[in-house]
Number of protein chains: 2
Amino acid sequence: MTIEEDQARFLRCIGEPTRLGILKLLVEGEKCVGELASVLNKEQSLVSHHLRALKECNIVKDEQEAQKVYYKLTDVRLARLIIDSEALMKELSLCKCQEVNYGREENQRSGEGQICPTS
Amino acid sequence: MTIEEDQARFLRCIGEPTRLGILKLLVEGEKCVGELASVLNKEQSLVSHHLRALKECNIVKDEQEAQKVYYKLTDVRLARLIIDSEALMKELSLCKCQEVNYGREENQRSGEGQICPTS
DNA sequence: CGTTTATATGAATTATAGTTCATATATAAA
DNA sequence: TTTATATATGAACTATAATTCATATAAACG
C-alpha cells in the first residue's frame, strides 16, 4: 500500500459531485442526514452511503442526537482544500496555458522549480 | 453541468495512484514520457493514457522536443495542492477524532464556523 | 405496545474508469 | 528509404464505484 494509493483514495473520496455537495454544506456547519438529503435533493439512502464513504476516509465524523445523526468535517483544513481546489480548477479550465517557471532539469537555475514559492 | 461535477472531475483526475506518481515527479521539473514510465516502472502506454487524462483536465501541458514529448504542470499551485492534500490525508488517517470548532447552526456564536480562520 | 420518524445497510444494477495489447504515427539516425 | 526510438491511440477486458430499491434498525411518541 503506497502513499499514492492512500492519497488517491482520499482525493477520490472528496472528488465526487454528491460528496462535494455534502462537504460544502458541512463547511457552513454540521448537518443531519435528512437536512443534507433535502437540500441536495437526493435520496436519503444515497446520502447515507456517501456519508459512510466520507466517514471511512476520516473526512467527516458523526454524532447522534436523539433520532438524528449530525455530521461535521473532522478538520477545518478540509474546508480550505475544498475551496482552494475549486478556485484552482476554475482558473485552470479558463486558462489552459498558464506558465509555470520550472525549467527542464538540466536547465534549472537556482531558485526556480521550488515547490512553495514564498508569496 | 454543475460546479461540483467539474471540481469532482478535477479532483478525481489527480486522485489516481499512477497519476499522483506522475505529478509528484513533475513537481520536481518537467519530464518526458519514457522517463516517467521508467521511474514509475509502468508501461509506456499506460503512462501515456494517464498523461492524456491529466492534459484534458489542464493539469499538465506538453511540449515536443525532437522525438520526445516533455510534460510539465500547468500551474505551481498544483504542487501545493498535491503536497498539502498528502499532509492532510496523513494527519486525518492518524487522528480520526480531531476537533473542529463549527457549532450546530442554531448554536453558532459569531466568529465560529468561519471558513478560513486567520492563522 | 404499535406507529412514526430518522438513518443505515445489503444486494442488484448500472456507470465509470484503469489496464493491457497490438498497432499507428512521427522524428531521427544509419 | 530503411531502421530505430519515442509516443499516442483504440479496442477489449477488468476493476471499481455510484445508484436504486427494499428492508433493517433504532429512537421517540401516541
Side-chain angles (χ1 to χ4, degrees), chain A residues 1-2 4-26 30-57 59-72 104-106, chain B residues 1-2 4-23 25-26 30-72 104-106:
Chain A
M1 191 58 59
T2 69
E4 280 78 22
E5 285 174 305
D6 287 332
Q7 188 177 359
R9 204 193 328 280
F10 173 69
L11 288 169
R12 274 199 312 264
C13 192
I14 296 173
E16 199 283 330
T18 302
R19 287 197 289 266
L20 271 171
I22 291 170
L23 291 172
K24 285 178 183 180
L25 288 170
L26 296 185
E30 68 179 22
K31 305 265 184 306
C32 67
V33 183
E35 209 173 341
L36 292 167
S38 80
V39 173
L40 294 170
N41 196 33
K42 304 273 177 189
E43 284 194 17
Q44 175 270 318
S45 76
L46 179 62
V47 171
S48 211
H49 278 301
H50 282 304
L51 285 167
R52 181 157 54 102
L54 289 167
K55 195 175 154 190
E56 278 170 1
C57 274
I59 292 167
V60 302
K61 59 182 172 179
D62 61 339
E63 192 188 335
Q64 182 138 14
E65 199 157 305
Q67 304 126 302
K68 297 190 179 179
V69 178
Y70 285 88
Y71 283 85
K72 64 167 94 166
R104 188 84 22 97
E105 269 178 327
E106 58 270 27
Chain B
M1 191 59 58
T2 68
E4 279 78 22
E5 284 174 306
D6 287 331
Q7 188 177 359
R9 204 192 330 280
F10 173 69
L11 288 169
R12 275 199 312 262
C13 192
I14 296 173
E16 198 282 331
T18 302
R19 288 196 290 267
L20 271 171
I22 291 171
L23 292 171
L25 288 170
L26 296 185
E30 69 180 21
K31 304 264 185 306
C32 67
V33 183
E35 209 174 339
L36 292 168
S38 79
V39 174
L40 294 170
N41 196 32
K42 303 272 177 188
E43 285 193 18
Q44 174 270 319
S45 76
L46 179 62
V47 171
S48 211
H49 278 301
H50 282 305
L51 285 167
R52 182 157 55 102
L54 289 166
K55 195 175 154 189
E56 277 170 1
C57 272
N58 301 316
I59 292 167
V60 302
K61 59 181 171 179
D62 62 339
E63 191 189 334
Q64 183 139 13
E65 199 160 303
Q67 303 125 304
K68 297 190 178 179
V69 179
Y70 285 88
Y71 282 85
K72 64 167 94 169
R104 189 84 21 100
E105 268 178 330
E106 59 270 24

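- The nucleotide dA30(C) finds its pairing partner in dT1(D), both defining distances of the Watson-Crick or G-U wobble pair being shorter than 3.5 Å.
- Scanning all heavy atoms of the two residues, the minimum distance from E35(A) to K31(A) falls at OE2-CD, 3.4 Å.
- Closest non-hydrogen pair, T2(B) versus E5(B), comes out as N-OE1, 2.8 Å.
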Might you list the N or O atoms of the protein lying below 3.5 Å from N or O atoms in nucleotides 27-30 of chain C, with each pair's distance?
none

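- Put simply, the side chain of L26(A) does not reach to within 4.5 Å of the side chain of L54(A), judged on heavy atoms.
- Distance CG (L11(A)) to P (dT16(D)): 18 Å, rounded to an integer number of Å.
- At whole-Å resolution of the value, CZ in R52(A) and P in dA11(C) are 11 Å apart.
- To the nearest 0.5 angstrom, I22(B) atom CD1 is 4.5 Å from L51(B) atom CG.
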Detail all sub-3.5 Å separations between protein N/O atoms and N/O atoms belonging to nucleotides 14-17 of chain C.
unit_1, atom_1, unit_2, atom_2, d
dA17(C), OP1, R12(B), NH2, 3.2

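- I59(B) is listed as a side-chain neighbour of F10(B), based on a closest heavy-atom distance under 4.5 Å.
- The minimum heavy-atom distance linking Y70(A) with C32(A) is given by the pair CD2-N, 3.6 Å.
- Shown for residues 37-50 of chain B: residues whose heavy atoms fall under 4.0 angstrom of DNA chain D, namely Q44(B), S45(B), S48(B), H49(B).
- Atom pair L51(A):CG and dA18(D):C1' shows a separation of 14 Å (rounding to whole Å applied).
- For the salt bridge (charged side-chain N to carboxylate O under 4.0 Å, His left out) test, no residue two or more places apart in sequence or in another chain qualifies with K42(A).
- L54(B) has its CG atom 10 Å from the P atom of dG18(C), to the nearest Å.
- Contact check, Y71(A) against dA8(C): a side-chain N or O comes under 4.0 Å of OP1 or OP2.
- Judged by distance alone, with hydrogens and angles left aside, the side-chain atoms of Q64(A) form a donor-acceptor pair with the main-chain N or O of A66(A) at under 3.5 Å.
- Whole-Å rounding puts the I22(A) CD1 to dT7(C) P distance at 12 Å.
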Quick one: side chains of residues 11-20 of chain A, donor-acceptor pairs under 3.5 Å with protein atoms, not counting sequence neighbours, listed by atom name and distance.
unit_1, atom_1, unit_2, atom_2, d
R12(A), NH1, G15(B), O, 3.1
E16(A), OE1, T18(A), N, 2.9
E16(A), OE1, R19(A), N, 3.0
R19(A), NE, C13(A), O, 2.6
R19(A), NH1, H50(A), ND1, 3.0
R19(A), NH2, R12(A), O, 3.4

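- Residues Q44(B) and V47(B) fail the side-chain proximity criterion, which asks for heavy atoms closer than 4.5 Å.
- For the pair E35(A) CD and dT5(C) C1', the interatomic distance rounds to 15 Å; values are reported in whole Å.
- D62(A) has its CG atom 14 Å from the C1' atom of dA26(D), to the nearest Å.
- With sequence neighbours excluded, no residue forms a salt bridge (charged side-chain N to carboxylate O under 4.0 Å, His left out) with K68(A).
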